[in-house]
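Please read all numbers here as calculations on a predicted model, not as lab measurements. Along the sequence shown, residues carry numbers from 1.
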Amino acid sequence: MAHSHDSTTLDLPLPARRHQTLGLVLVRRFAGHGLHDARATMLALDASGAEFRRLLVLTRALVVDLARTSRRKILLAPCCAAGMTRDEGLLMALIGGGGLDVHGALTDDARCTDALTTAHALGEELERVATRNAWRG
């Protein structure tokens, strides 16, 4: 059965902030290329320096939590796509501090909310990276 959230069109623009785009690309790389993707590791190393592992661990944990608990397939665009799918927009809202309503829309109301906590922790880490690198404008 097709749902309105099954569209792979890039209806949404990429995130406006550099650290948010970094988070999106890391999620796309891990979901599409595996949890030990070397390019994702290099992106995290470049952005976080010696503290890159925290960013990697949180991103991996989010991908695993969503894969394990979601009641539906979450559609992601390729790493180089110039826009976001509806699901990626929900994911970025969740990382940005979205609540149970956003989690429910992304996972079809999965009872386990591990991904919510992990997404918030990743959002805080991305904010820390942005502050460290003076990516604020």
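Hydrophobic clustering (side-chain heavy atoms under 4.5 Å, transitive across Ile, Leu, Val, Met, Phe, Trp, Tyr) keeps Val57 apart from Leu26.
At distances below 3.5 Å, at least one donor-acceptor pair connects side-chain atoms of Thr85 with backbone N or O atoms of Leu75. Without hydrogens or angle criteria, Arg72 side chain to Leu106 main chain gives a donor-acceptor distance under 3.5 Å. The backbone N or O of Leu58 sits nowhere less than 3.5 Å from a side-chain atom of Glu125 that would complete a donor-acceptor pair. Looking only at distances, no side-chain donor or acceptor of Arg71 sits under 3.5 Å from a matching main-chain atom of Thr107. With hydrogens and angles ignored, the 3.5 Å screen pairs no side-chain donor or acceptor of His103 with any backbone N or O of Asp108. Between the side chain of Arg132 and the main chain of Ala47, a donor-acceptor pair closer than 3.5 Å is present.
Across every non-hydrogen atom of Val129 and Ser48, the tightest pair is CG2-OG, 3.3 Å. Across every non-hydrogen atom of Ala93 and Val102, the tightest pair is CB-CG1, 4.0 Å. Summarising the geometry of Ala110 relative to Ser70, their closest heavy-atom pair is CB-CA, 4.4 Å, with the distance given to 0.1 Å. Pro15 and Leu24 get closest at one heavy-atom pair: CD-CD2, 3.9 Å. Of all the heavy atoms in Arg28 and Gly83, the pair that sits closest is NH2-O, 2.7 Å. In terms of heavy-atom proximity, Leu35 sits nearest to Phe30 at O-CE2, 3.3 Å.
Checked against Asp65 for a side chain to side chain donor-acceptor pair (under 3.5 Å), the options Thr117, Thr113, Thr118 give a single hit: Thr118. With respect to Val27, the side-chain contact (heavy atoms from CB on, under 4.5 Å) criterion is satisfied by exactly one of Leu76, Leu22, Leu66: Leu76.
Atom-to-atom distance recorded for Arg29:CZ and Cys79:SG is 4.5 Å, nearest 0.5 angstrom. Between Leu55 atom CG and Arg60 atom CZ the span is 10.0 Å, to the nearest 0.5 Å. Separating the CD atom in Glu127 from the CG atom in Leu122 is a distance of 10.5 Å, to the nearest 0.5 Å. Between the CE atom in Met84 and the CG atom in Leu14 there is a gap of 6.5 Å [rounded to 0.5 Å]. Atoms CD and CD1, from Gln20 and Ile95 in turn, are 9.0 Å apart once rounded to the nearest 0.5 Å. Interatomic distance, Asp37 CG to Leu43 CG, rounded to the nearest 0.5 Å: 8.5 Å.
Between the side chains of Asp11 and Thr9, at least one donor N or O lies within less than 3.5 Å of an accepting N or O.
Looking only at side-chain heavy atoms (C-beta outward), Arg68 and Asp114 come within less than 4.5 Å of each other. Side-chain contact between Arg39 and His33 is absent, with no heavy atoms from C-beta onward closer than 4.5 Å.
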